[in-house]
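Quick caveat, the model's predicted, so the values are computed rather than measured.
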Amino acid sequence: MKRLLLAAAACAAVATSGPAHAWGGAGHRMQGQAAMRGLPDEVPAFLRTRQAALDVGELVREPDRSKGAGKLHDHDRDAAHFIDIDDEGKLLGGPAWLPLAATRADYETVLRSAGLDQWKAGYLPYSILDRYQQLVADLAYWRVLDAAERNPEWKANRKWFRQDRVRREALILKGIGELGHFVGDGSQPLHLSVHYNGWGDYPNPAGYSTARLHGPFEGDLVRGRVPPAEVEARMAPFRSCACPIEQRVVDYLTVGWKQVIPFYELEKAGGLKAGDPRGPEFAAVRLAAGASELRDLIVEAWRDSMKSKVGWKPVAVEDVLAGKVDPHPSLYAVD
C-alpha cells in the first residue's frame, strides 16, 4: 500500500514520512506470479501461460505505481489499501468493523456517526470486493465471446467476437492485477491495524516497538531475504469456501489482522534483525497467504461467471453457451 502521511487516525499512530507500498514491488510481484502459476486447468488457457504470470506480476503493482497522478486521484485511492482496526476490533476506536456494511455508502454512514470517515479508517475490504465482482463480469463476457466465436451459426460476426475476446483478455489480466494488489495488501498485517507503523499512541503494556517498521519489513526484508520459491512453497491447497464473497473477504482479512500481535512479538524477540530467519519466514508465510487467496478468488470468479448475464439487453451466459441466443446484438449494443 502506501501509507503516506495519511490521516493516520483520530488517535493516530506514528505516521510515515512518505509512501509505504504494501510488500513493495518485489512482494507484490511474487504474489501475482505465484497465484497465476498455481491456477488449475479449469480456468481458461490464456490465464495459465508463462506470459500471463509475468504480466500479472507487473500489473499487480499498478495501484501503487499510479500514486502521484494528482491530488484528487491520490486522496480518493490511498485509503483503498488499508483498514485501521484496533485491538478491540473497532475502527479507530469507533464502530466495530464487523459486521461489514453492505456498501461503501453504508460504511461511510456508520463511520460518520462516530466522527470518522473511510479516508481515515480505510476501505480495503471494498477494494477487494469491487475488483472481484468486476472479474466475475469480465470472465462472463469472455465465456460468451469465446463460445460465440466458435459457433458456426454465428460466423458472420466471428471477426468481431474474436477481436472483442482479445480485448477482454487484456482487461481480465489488468483486473486480476488490481484484485491481486488489494488481496496482497490484506495479507500484510500492518495494513489491517491501527498499529501500522510502530505501536503508536496506544496503551502498550507489552512494550512493543514504536519504531517505523512498516517499510523496512515489507520492502527491504522481503526484497533482500525472501526468495520467490519460498513463497510458492508455502502456498496452501485450493480452497473454496462455498460462501458469499463478502464472507470470504471478511474471513481472509480477519486472519491477517490476527497476525498483528505475532508480528510485534516477533520484532520484540529480534526476529526482524539481519541474519535472523524468523523474519523472512513470517513474511514468506504471509506472502503465500495472499498468493493463495488470489489464486482461489480467480477460480471462484470463473465459477461464478457461469451464472452471470452480459450485455444490453442482458443475455445469460448459459444460454449463449448452449447456442440458444446469439449474443452479438446485446454485446455490440442495442441502445
**Request:** Measure from NZ or CZ of Arg104 to the centre of the six-membered ring of Tyr126 and say whether it is under 6.0 Å with the direction within 45° of the ring axis.
**Result:** no
**Prompt:** Measuring from Glu246:CD to Leu129:CG, what's the distance to the nearest 0.5 Å?
**Reply:** 5.5 Å
**Asked** Does OH in Tyr332 sit with more than 12 non-hydrogen atoms of other residues, nucleotides or ligands closer than 6.0 Å?
**Response** no
**Prompt:** Taking atom types as modelled and ignoring hydrogens, do the side chains of Asp106 and Thr109 form a donor-acceptor contact shorter than 3.5 angstrom?
**Reply:** no
**Message:** Tell me whether Asp220 is salt-bridged to Arg225, with the criterion being a basic N under 4.0 Å from an acidic carboxylate O.
**Reply:** no
**Asked** Are Tyr202 and His195 near enough that their ring centres are under 6.0 Å apart?
**Response** yes
**Request:** Could you tell me whether Arg239 and Asp296 have a side-chain N and a carboxylate O separated by less than 4.0 Å?
**Result:** no
**Asked** Can Asp130 and Gln134 be counted as having a side-chain donor-acceptor contact under 3.5 angstrom?
**Response** no
**Request:** Quick one: sort the Trp119 and His75 rings into parallel, tilted or perpendicular, breaks at 30° and 60°.
**Result:** parallel
**Message:** Between Glu293 and Ser187, is there a side-chain donor-acceptor contact under 3.5 Å, judged purely by atom types and distance?
**Reply:** no
**Message:** Would you say the ring centers of Trp23 and Phe217 fall short of 6.0 Å from each other?
**Reply:** yes
**Request:** Give a yes/no verdict on a cation-pi contact between Arg165 and Trp160, requiring under 6.0 Å between NZ or CZ and the six-membered ring centre and an angle within 45° of the axis.
**Result:** no
Donor-acceptor pairs are to be reported for all side-chain atoms of residues 172-179 against protein atoms at under 3.5 Å, with residues two or more places apart or in another chain.
residue : atom : partner : partner atom : Å
Lys174  : NZ   : Glu178  : OE2          : 2.8
Glu178  : OE1  : Arg131  : NE           : 3.4

Which donor-acceptor pairs under 3.5 Å do the side chains of residues 49-60 make with protein atoms, sequence neighbours left out?
residue : atom : partner : partner atom : Å
Thr49   : OG1  : Ala52   : N            : 3.0
Gln51   : NE2  : Asp55   : OD1          : 2.8
Glu58   : OE1  : Arg29   : NH2          : 3.3
Glu58   : OE1  : Arg61   : NE           : 3.4
Glu58   : OE1  : Arg61   : NH2          : 2.6
Glu58   : OE2  : Arg29   : NE           : 2.8

**Complete:** In this structure, CG of Leu266 is separated from CG of Leu213 (nearest 0.5 Å) by 10.5 Å
